[in-house]
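Each ligand, and each atom within it, is numbered from 1 in the order the structure gives.
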Amino acid sequence: MATETISVWNPATEEHITDVRSFTADDVYDAIGAAVTAQRKWMKLPMAQRQQFLNDIADTVLVHRDELARLESTDVGKPIHAATAEVEGVAACFRYYAGALDKVHGDAITLDDGISLTFHEPIGVIGVITPWNFPLPIASWNIAPALAAGNAVIVKPASMTPLSTTRLGELIAGISPVKGLFQVVTGSGSIAGGALIDDPRVGKISFTGSTEVGQSILRSSATTMKRVTLELGGKSANLVFEDADVKAAAQAAPGAVFDNSGQDCCARSRILVQRSVLGEFVGEFIEATRALKLGDPNSPDTDLGPLVSAEHHRAVSEFLTEDQHYLYRGETPDAPGHWLAPQIILDETGKSRAAVDEIFGPVAVIIPFDTEDDAVRIANDSIYGLSGSIWSRDVARALRVSRQVQSGTLSVNSNSSIRVQTPFGGFKQSGMGRELGLEGLLGYTELKTVFVKTEE
Ligand code: NAD
């Protein structure tokens, strides 16, 4: 029987790029078998050799930086400068976990009749299921700590954007000290992803994607009692207080919501502005948004590429109803490709669909507020809690508000969301568990306690 394939398309031109293999459940089960064998060998290799392998991956990624960035840019529609920076981040992530690998150790707990020792043991085989918006970075945030902790890894990339992860798999296989330690299985979420979730030999699933699919994965994982980390949707708030550097906040705001054409789980797509500075903020924000260059992702000065697919373009466009108060509507080119220019909406109530739902496109909703309490209440009035920013010159206020906003990652006077050294993850329906930092590494281990009797 011929191998089934999935077509991959360029969202900027709507041209067919290539076809990739569509793994069946049986293909995935074979990959899991190979991973089980590989993991037993991997965890026994000397630490220095394991660190060397992770550093070798970082070096290889940098050698192939331009190739990987081009693949990512063509497949996702991402501006080439952003794709290049992301590939460099992937190398940095492997480098960080190479260094962290030998810093993880257990405890000795003295007891009346002996000593208990704790060990952070590898889980075994890890299934990583990734979305289409940041294929390589998100894969690396899981592959690197999972390998560092002594596991084998199988990644199932999104079927729309599998090319960079597939290439990473080939590159890693070429230098891996153990065959089958890292594998990529392409194909549909329900079949290839479902096989990873159903198989009892997979000890943990790390899923990044929509809240809806995350909920179904959590339910399915219960059967085999899998460990699960979920990084899901967001509708993050950008809080701008009247005592902030309003100009700086407004100039940074387009990057916080329109980067990656708004297809970013951390997008600060609800901008809460204190009423006394609303006019000043809106003027500066529109001017900074107007300066963004939408166009060919391969061009070095492009800021915004297209949306990922026609289907996603339709879903985002459904939010752009005529009954809303638009402050700005960018000009969308009439050309092949799934283009959509930035849109800025004012919503006094914060209750419209555009203000509540995750749009995952270049759409910002501005919601005015009067008091600090109002700002916190509106920010928390969401099923999500992934990211967000607070702009204020008053450090006490910035910290007070940070403590009250129900979100896993916040930044003050900055758009920064994700650093490899610090934990990242969501409150509420934005997910469970943490990636990155040392917590990310510990998330790929099981804690074991061994009691040693020393007294009669
Ligand atoms: P998605 O949920 O549709 O798909 C994500 C992955 O899950 C894909 O690989 C897909 O093939 C697979 N999948 C789909 N159905 C499955 C099933 N039944 N069983 C197993 N696997 C299945 O998400 P998407 O559209 O690719 O990505 C967009 C979403 O991802 C947004 O909601 C965004 O907020 C979220 N996201 C979250 C983070 C984060 O870190 N919190 C980061 C990026 C994206």
Within-cutoff protein neighbour (heavy atom, under 4.0 Å) for atom 1 (P) of ligand 1: yes
Distance alone, cut at 3.5 Å: any donor-acceptor contact between the side chains of Asn142 and Glu435? yes
Using distance alone, determine whether Phe134 and ligand 1 share an N or O pair under 3.5 Å. no
Check the side chains of Ser387 and Arg268 for a donor-acceptor pair under 3.5 angstrom, ignoring hydrogens and angles. yes
Between atom OG1 of Thr211 and atom OH of Tyr384, what is the distance when rounded to the nearest 0.5 Å? 4.5 Å
Under 4.0 Å between heavy atoms, the region of Asp264 that gets near ligand 1 turns out to be neither
So, taking the atom named CD1 in Ile57 and the one named CG in Leu168, what distance separates them when rounded to the nearest 0.5 Å? 7.5 Å
Atom of Gly350, atom of Ile367 and distance for their closest heavy-atom approach: CA-CD1, 3.8 Å
Give the atom numbers and elements of ligand 1 that come within less than 4.0 Å of a heavy atom of Asn133. 43 (C), 44 (C)
Distance filter under 4.0 Å to Ala158 heavy atoms, resulting ligand 1 atoms: 8 (C), 9 (O)
Examine Ser188 against ligand 1 and note whether any of their N/O atoms are separated by less than 3.5 Å. no
Taking heavy atoms and a distance under 4.0 Å, where does Gln263 meet ligand 1: side chain, backbone, both or neither? neither
Could you tell me whether Ile129 approaches ligand 1 through its side chain, its backbone, both or neither, with non-hydrogen atoms closer than 4.0 Å? side chain
Any idea which part of Thr211 is under 4.0 Å from ligand 1, heavy-atom wise: side chain, backbone, both or neither? neither
Kindly check if the number of other-residue, nucleotide or ligand heavy atoms within 6.0 Å of CZ (Arg40) is above 12? no
Looking only at protein heavy atoms, which one is nearest to atom 34 (O) of ligand 1, and what is the separation? Glu358 OE2, 2.6 Å
Which residue from Trp141, Trp132, Phe207, Phe424 reaches closest to atom 7 (O) of ligand 1 through any of its heavy atoms? Phe207
Any Pro157 heavy atom less than 4.0 Å to ligand 1: yes
To which protein heavy atom is atom 19 (N) of ligand 1 closest, and what is the distance rounded to 0.1 Å? Gly189 O, 3.4 Å
Which of the atoms in ligand 1, numbered in the order shown and given with their element, are less than 4.0 Å from a heavy-atom of Leu386? 41 (N)
With atoms numbered from 1 as shown, which atoms in ligand 1 lie under 4.0 angstrom from a non-hydrogen atom of Ile197? 19 (N), 20 (C)
Looking only at the side chains, is there a donor atom on one of Asp323 and Thr321 sitting less than 3.5 Å from an acceptor on the other? yes
Side chains of Arg400 and Ser392, donor plus acceptor under 3.5 Å: no
What protein heavy atom sits nearest atom 36 (N) of ligand 1, and how far away is it? Cys265 CB, 3.6 Å
Backbone or side chain, does any N or O of Gly209 fall under 3.5 Å from an N or O of ligand 1? yes
Who passes side-chain hydrogen bond (donor to acceptor under 3.5 Å, both in side chains) against Gln263, sequence neighbours left out? none
Will you find, in the side chains of Arg21 and Thr166, an N or O donor that is under 3.5 Å from an N or O acceptor? no
Donor-acceptor contact present, side-chain Thr302 to main-chain Asp296, <3.5 Å: yes
Within a distance under 4.0 Å of any heavy atom of Ile138, pick out the atoms of ligand 1 and give their elements. 42 (C), 43 (C)
May I ask you to check whether Ser216 has an N/O atom sitting below 3.5 Å from an N/O atom of ligand 1? no
Which residue owns the protein heavy atom closest to atom 6 (C) of ligand 1, what's the atom, and how far is it? Thr130 O, 3.4 Å
Does Glu72 have any salt bridge (charged side-chain N to carboxylate O under 4.0 Å, His left out) partners at least two apart in sequence or in another chain, and if so, which? none
For atom 28 (C) of ligand 1, find the nearest protein heavy atom and state the residue, atom name and distance (0.1 Å precision). Phe360 CE2, 3.6 Å
Looking at Asp59 and Arg95, is there a salt bridge between them, counting it only when a charged N and a carboxylate O are closer than 4.0 Å? yes
Nearest protein heavy atom with distance in Å, relative to atom 18 (N) of ligand 1: Ser190 CA, 4.0 Å
Top protein contact for atom 3 (O) of ligand 1, by heavy-atom distance: Ser210 OG, 4.0 Å
Quick one: nearest non-hydrogen protein atom to atom 27 (O) of ligand 1, plus distance? Pro131 CB, 3.3 Å
Can a side-chain donor-acceptor contact be found between Thr208 and Thr130 if the only test is distance below 3.5 angstrom? no
